[in-house]
Amino acid sequence: MEKISHNFIPVNALNLHVAEICSKSSPTVVFLHGFPGTWYSWRHQMVDVSNAGFIAIAPDLRGYGLSDPPPQPEKASFTDFLKNIASILDSLAISKAFMIGKDFGAMVDYTFALMYPEKVGGIVTLVLPFMPPGAINHHLPLSEGFYARRWMEPGRAEADFSRFDAKTVVKNLYIMFSKNEILIANEDQEIMDLVKPLTPLPFWFTEEDLATYGVLYKKSGFQTALQVPYRSAGDNNGSHENDPLVEAPSMLIIGEEDCVIKYPGLDEYIRSGEVKKYVPNLETIHVPHGSHFVNEQFPDKVNQLIITFLDQNKHRLVA
């Protein structure tokens, strides 16, 4: 961790935080977090990828962690994130990079590859595959209590989260999403009520980790995180093309016990190979016992998979 430096890059009147471990002669790997992530979600990966001979950079997306929030968080869009990543790469004079993303960071990866194919040498995503509109027929055929439906409603999650400090909200989110079940609240419950007060943290998530996340979300709040991805659904589908095709070499890493793969249609979409209609050069790896936070739960295994992929494809970034 002491190898990681922290810098701020001005982009469209916002200061965006970027954690990095640099070596000027190395190919670059860009790590994009999801929710409830920040740059810190990639702490294990950044160090090992750097030790393997790559530049590692992990930005806090606008409104997350140490990055400035947009002036009107309720109007933040998925497209803003894409443009911000392009601006960060340009500011750092990075012409081409590997893109690694988790959760909705995976959506950013794939969409970025469609918008800027010349900037992407390869893609690794955790949790989510590329899902253009219509790829899965029943994307959210779930009850009113489904967490994402609740968070789409302006003000509801804010009221729910406001009953706790930021550290407790993050703790509850890590406990909930570490389970192998879809998060659905009863009609008389809010999402935070799904966690009993004395429920322990996952064994691989330390009190120091929780404290770090707590400080980051105390600074940023949750408003932008709830807007993107949950309330910008019409903007985050990955492409406006009729038949989007991501041609870059790609790898999808999924924990076998990730609650997300229980969403109707998602596991079948992946295992049937239908996803390869859109990402033909895709390899999918299932990690036994892996949860939604597989890169933090089993960092050595995930790091090995990532570094092997990078080594196999680094010729695409080196002239």
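We count residues from 1, following the sequence as given.
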Would Leu114 and Phe130 count as a side chain to side chain contact (heavy atoms under 4.5 Å, CB included) here? Give the steps.
CA-CA 11 Å; Leu114 289 169; Phe130 180 47; 3.7 Å; yes

Working note: Arg231 + Glu153, criterion salt bridge (charged side-chain N to carboxylate O under 4.0 Å, His left out); need CA distance, chi angles, decisive distance, verdict.
CA-CA 8 Å; Arg231 296 171 190 166; Glu153 181 181 337; over 6 Å; no

More than 12 heavy atoms of other residues, nucleotides or ligands under 6.0 Å from NZ of Lys179: is that the case?
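Yes, the 6.0 Å shell around NZ holds more than 12 heavy atoms from other groups.
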
Count the heavy atoms belonging to other residues, nucleotides or ligands that lie under 6.0 Å from NZ of Lys96, then report whether that count exceeds 12.
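Atom NZ in Lys96 is crowded, with more than 12 foreign heavy atoms closer than 6.0 Å.
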
Any side-chain donor-acceptor pair under 3.5 Å between Asp165 and Thr168?
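Note: Asp165 and Thr168 side chains meet the donor-acceptor criterion.
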
Is it the case that the side chains of Ser291 and Gln297 hold a donor-acceptor pair, with the cut-off being a distance below 3.5 Å and no angle test?
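A pair is found: one side chain offers a donor N or O, the other an acceptor, under 3.5 Å apart.
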
May I ask whether Ile4 and Val215 are part of the same hydrophobic cluster, defined by side-chain heavy atoms of I, L, V, M, F, W, Y residues being less than 4.5 angstrom apart, directly or through others?
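Different hydrophobic clusters.
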
Ring centers of Phe35, Phe104 separated by less than 6.0 Å:
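Here the rings of Phe104 and Phe35 have centres that are no less than 6.0 Å from each other.
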
Look only at the side chain of Thr308 and the backbone of Leu305, and say whether a donor-acceptor pair between them is shorter than 3.5 Å.
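Judged by distance alone, no pair lies under 3.5 Å.
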
Could you check whether the rings of Tyr116 and Phe112 sit parallel, tilted or perpendicular, using 30° and 60° as the cut-offs?
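Because their plane-to-plane angle lies in the 30° to 60° range, the rings of Tyr116 and Phe112 count as tilted.
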
Is [X] salt-bridged to [Y], going by a charged N under 4.0 Å from an acidic O?
X: Glu144; Y: Arg149; answer: no
X: Asp68; Y: Arg62; answer: no
X: Asp90; Y: Lys119; answer: yes

Nearest heavy-atom pair of Asn281 and Ala248: which atoms, and what distance?
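Closest heavy-atom pair between Asn281 and Ala248: CB-O, 4.0 Å.
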
